[in-house]
K.L.:
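Here it is, the structure in full.
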Amino acid sequence: MSTNVLRTPDGWWAVRDERAVRIETKAVTTAELIADRDAVRKAAASDDNGTPVADLVALPPVTNPCRVVAQMVNYRSHARDSGFSGDIPPTFFRKASGSVSGPHDTIVCPAHVKFLDYEVELGLVMGATLPVGTVVEEGDLPHYVAGLVLTNDVSARDVQLTKTQFYESKSYPTFTPTGPYLALLEPEDFAHLIDLRLRLSVNGVPRQDRTLADMIVRPAQALTLLARFQTLDPGDLLLTGTPGGTALKAPPKPVAKISALLPPAVRWKAFFKGQAKNPLYLHEGDVITATIATPDKRIDLGKQQTPVRDAP
């Protein structure tokens with residue numbers, strides 16, 4: 001069974017139901033903790049009554065610096081929302097490690113961003129170095145992937161679309177809420193990844209709800225494709241895409257065809273004028289709630305609750 005680990009300002013904790021036991025480890029980074037799995041297992045098996053989880057302040061369970069890599073359009077439902085048809089080439093992009101924030105930290109919308117969006121995503125935390133040229137089979141996942149985290153790939157859509165700039169639009173501080181838990185997996189847990197259900201709501205209203213069965217490129221294949229050009233090390237983070245249900249959706253095909261005939265400046269002005277009527281984008285005062293878990297809770301990555309506010 002997986003073991004949920006919580007990181008706080010004064011150390012690491014193994015979580016058991018609503019209580020947590022301190023892990024006796026010298027680990028400072030996520031990579032060091034992964035290397036000290038015996039200490040994690042010892043804490044998880046301890047008869048110590050522990051501390052209520054509600055009394056602990058959760059930090060992101062991945063530590064900086066780390067590589068943060070993400071997959072684009074990797075769920076069939078998101079592909080439909082985005083106007084894609086046919087085969088979709090696997091695509092990766094980077095996010096700044098400084099965008100990683102805690103599971104209950106406020107998401108701060110920069111003053112120039114008008115169309116702020118959400119994307120609940122499953123994060124893979126690496127447990128071993130993935131060298132360039134590695135081919136990863138399903139049975140190899142326990143060697144390379146130490147655990148899972150819940151993430152939100154927050155996106156400034158006006159920056160992303162007008163500049164075709166994923167790195168900037170998804171890398172502002174607080175744009176990758178992560179945690180609360182790092183779920184360290186045992187080899188037998190990997191067979192249950194397909195059952196993980198991703199859910200996200202805004203102000204209590206459901207927006208996203210899909211399992212990994214909707215995923216196009218699954219983790220082993222994604223790591224193989226990524227390893228064609230990118231090394232990953234223990235503690236690095238791969239975001240594996242989001243299901244449909246984000247605020248941004250492609251315009252109807254007839255509208256898209258007409259828009260394609262317009263000069264870019266005119267086209268974007270018309271597009272964002274229409275988007276301004278879309279109530280699903282995030283605004284100051286909104287609260288995002290996200291969860292990822294299997295139905296039987298064998299793997300449960302906990303709950304994120306992140307308020308949104310505008311930058312001063």
K.L.:
Between V62 and L182, does the side-chain contact (heavy atoms from CB on, under 4.5 Å) criterion hold? Intermediate values first, please.
P.N.:
CA-CA 8 Å; V62 292; L182 165 60; 5.8 Å; no
K.L.:
State, yes or no, whether a side-chain contact exists between T174 and T106 at a heavy-atom distance under 4.5 Å.
P.N.:
no
K.L.:
Which pairs with one or both residues in residues 190-230 pass ring pair (Phe, Tyr, Trp, His ring centres under 6.0 Å), sequence neighbours excluded?
P.N.:
none
K.L.:
If two hydrophobic side chains count as joined below 4.5 Å and joins carry through other members, does L141 share a cluster with M126?
P.N.:
yes
K.L.:
What pairs of residues pass the ring pair (Phe, Tyr, Trp, His ring centres under 6.0 Å) test when at least one of them lies in residues 280-312, not counting sequence neighbours?
P.N.:
F115-Y281
K.L.:
Picking from K163, Q275, H112, K114, what satisfies side chain to side chain contact (heavy atoms under 4.5 Å, CB included) with D158?
P.N.:
K114
K.L.:
Below 4.5 Å, heavy atoms only, C-beta onward: do L280 and D117 meet side chain to side chain?
P.N.:
no
K.L.:
Report whether V154 and L238 are members of the same hydrophobic cluster (ILVMFWY, side-chain heavy atoms less than 4.5 Å apart, transitive linking).
P.N.:
yes
K.L.:
Just verifying a value: how many Å separate L239 CG and L122 CG, rounded to the nearest 0.5 Å?
P.N.:
8.5 Å
K.L.:
Given E168 and R94, is the salt bridge (Lys or Arg N to Asp or Glu O under 4.0 Å) satisfied, shown in steps?
P.N.:
CA-CA 9 Å; E168 178 183 349; R94 288 287 294 270; over 6 Å; no
K.L.:
According to a hydrophobic-cluster definition based on side-chain heavy atoms being under 4.5 Å apart (Ile, Leu, Val, Met, Phe, Trp, Tyr only), do V125 and L193 belong together?
P.N.:
no
K.L.:
Using the rule that two of Ile, Leu, Val, Met, Phe, Trp, Tyr join whenever any of their side-chain heavy atoms come within less than 4.5 Å, decide whether Y172 and I288 are in one cluster.
P.N.:
yes
K.L.:
Strictly distance-based, threshold 3.5 Å: is any side-chain N or O of S82 a donor or acceptor partner for the main-chain N or O of H78?
P.N.:
yes
K.L.:
Looking at every non-hydrogen atom in both residues, tell me the closest pair between A183 and L301 and how far apart they are.
P.N.:
CB-CD2, 3.4 Å
K.L.:
How is the hydrophobic cluster of V287 composed, in terms of its other members, when Ile, Leu, Val, Met, Phe, Trp and Tyr link through side-chain heavy atoms under 4.5 Å apart, directly or indirectly?
P.N.:
none
K.L.:
Mind checking the CG-CZ spacing from L282 to R157? Nearest 0.5 Å is all I need.
P.N.:
10.0 Å
K.L.:
Nearest 0.5 Å, what's the CZ-CG distance between R19 and D48?
P.N.:
9.0 Å
K.L.:
Taking the side chain from R16 and the backbone from S46, do they hold a donor-acceptor pair closer than 3.5 Å?
P.N.:
yes
K.L.:
Mind listing the closest non-hydrogen atom pair of P243 and L198 along with its distance?
P.N.:
CD-CD2, 4.1 Å
K.L.:
For T289, which residues count as a side chain to side chain donor-acceptor pair (under 3.5 Å) partner, sequence neighbours excluded?
P.N.:
Q305
K.L.:
At their closest point, which heavy atom of V108 faces which heavy atom of D310, and how far apart are they?
P.N.:
CG1-C, 4.4 Å
K.L.:
I'd like to know if R298 pairs up with E186 as an ion pair, taking the criterion as any Lys NZ or Arg NE/NH1/NH2 lying under 4.0 Å from an Asp or Glu carboxylate oxygen.
P.N.:
no
K.L.:
Could you tell me whether the side chain of P110 reaches within less than 4.5 Å of the side chain of F175, counting heavy atoms only?
P.N.:
yes
K.L.:
Go through the steps for T240 and L124 under the test side-chain contact (heavy atoms from CB on, under 4.5 Å), then give the verdict.
P.N.:
CA-CA 8 Å; T240 55; L124 310 182; 3.8 Å; yes
K.L.:
Show the atom names and distances, to 0.1 Å, of all donor-acceptor pairs under 3.5 Å that link a side chain in residues 220-227 to residues at least two apart or in another chain.
P.N.:
from, atom 1, to, atom 2, distance (Å)
T224, OG1, V136, N, 2.8
T224, OG1, V136, O, 3.2
T224, OG1, A220, O, 3.0

K.L.:
Grab the two heavy atoms, one from G244 and one from S77, that are nearest each other, plus how far apart they are.
P.N.:
N-OG, 2.8 Å
K.L.:
Can you check whether D300's main-chain N or O pairs, donor with acceptor, with N4's side chain at less than 3.5 Å?
P.N.:
yes
K.L.:
Got a second to check how far E24's CD is from K42's NZ, nearest 0.5 Å?
P.N.:
8.0 Å
K.L.:
Looking at R7 and W12, would you say the former's side chain and the latter's main chain have a donor-acceptor pair under 3.5 Å?
P.N.:
no
K.L.:
State which residues pass side chain to side chain contact (heavy atoms under 4.5 Å, CB included) with A290; sequence neighbours excluded, sorted by chain then number.
P.N.:
V120, L150, L200, Q304
K.L.:
Please report, to 0.1 Å, the donor-acceptor pairs under 3.5 Å made by any side chain of residues 25-35, with sequence neighbours excluded.
P.N.:
from, atom 1, to, atom 2, distance (Å)
T25, OG1, A27, N, 3.0
T25, OG1, D36, OD2, 2.7
T29, OG1, E32, N, 3.1
T30, OG1, P61, O, 3.1
T30, OG1, T63, N, 3.0
T30, OG1, T63, OG1, 3.3
E32, OE1, V28, N, 2.6
E32, OE1, T29, N, 3.0

K.L.:
Quick check: closest heavy atoms across Q160 and S155, and the distance to 0.1 Å?
P.N.:
OE1-CB, 4.0 Å
K.L.:
Side chains of D233 and T129: donor-acceptor distance under 3.5 Å anywhere?
P.N.:
yes
K.L.:
With side chains defined as the heavy atoms from C-beta onward, is the minimum distance between D105 and P177 less than 4.5 Å?
P.N.:
no
K.L.:
Establish, from distance only, whether the side-chain atoms of Y118 and R207 form a donor-acceptor pair under 3.5 Å.
P.N.:
yes
K.L.:
Taking the hydrophobic residues Ile, Leu, Val, Met, Phe, Trp and Tyr, and joining any pair whose side-chain heavy atoms are under 4.5 Å apart, which ones share a cluster with L56?
P.N.:
L6, W13, V15, V53, Y181
K.L.:
Looking only at atom types and distance, does a side-chain atom of T211 sit under 3.5 Å from a main-chain N or O of A213, one as donor and one as acceptor?
P.N.:
yes
K.L.:
Carefully, step by step, assess L232 and R67 under the rule side-chain contact (heavy atoms from CB on, under 4.5 Å).
P.N.:
CA-CA 7 Å; L232 292 178; R67 296 183 183 92; 4.1 Å; yes
K.L.:
Does anything in residues 141-167 pair up under ring pair (Phe, Tyr, Trp, His ring centres under 6.0 Å), and if so which pairs, sequence neighbours excluded?
P.N.:
F93-F166
K.L.:
Strictly distance-based, threshold 3.5 Å: is any side-chain N or O of N74 a donor or acceptor partner for the main-chain N or O of V217?
P.N.:
yes
K.L.:
Nearest 0.5 Å, what's the CZ-NZ distance between F272 and K277?
P.N.:
15.0 Å
K.L.:
Do R218 and M215 come close enough that some side-chain heavy atom pair is under 4.5 Å?
P.N.:
yes
K.L.:
For S169, give me all partners under side chain to side chain donor-acceptor pair (under 3.5 Å), at least two apart in sequence or on another chain.
P.N.:
none
K.L.:
Less than 4.5 Å apart, side chain to side chain, heavy atoms only: is that true for T91 and Q71?
P.N.:
no
K.L.:
Hey, are S99 and T176 close enough side-chain-wise for a donor-acceptor pair under 3.5 Å?
P.N.:
yes
K.L.:
Just so I know, are the side chains of I88 and I216 near enough to count as touching, which here means a heavy-atom distance under 4.5 Å?
P.N.:
yes
K.L.:
Quick test of your reading of the model: are D10 and R22 salt-bridged, counting only N-O distances below 4.0 Å?
P.N.:
yes
K.L.:
Under the rule for side chain to side chain donor-acceptor pair (under 3.5 Å), what residues qualify as partners of D153, not counting sequence neighbours?
P.N.:
K95, K170
K.L.:
Quick check: closest heavy atoms across C109 and L116, and the distance to 0.1 Å?
P.N.:
CB-CD2, 3.8 Å
K.L.:
Report yes or no: do V21 and V5 belong to one cluster of Ile/Leu/Val/Met/Phe/Trp/Tyr joined by side chain heavy-atom distances under 4.5 Å?
P.N.:
no
K.L.:
Does some side-chain heavy atom of L248 sit less than 4.5 Å from a side-chain heavy atom of L161?
P.N.:
yes
K.L.:
For T294, which residues count as a side chain to side chain donor-acceptor pair (under 3.5 Å) partner, sequence neighbours excluded?
P.N.:
D296
K.L.:
Would you give the length of the straight line joining atom CD of Q208 to atom OG1 of T246, rounded to the nearest 0.5 angstrom?
P.N.:
6.5 Å
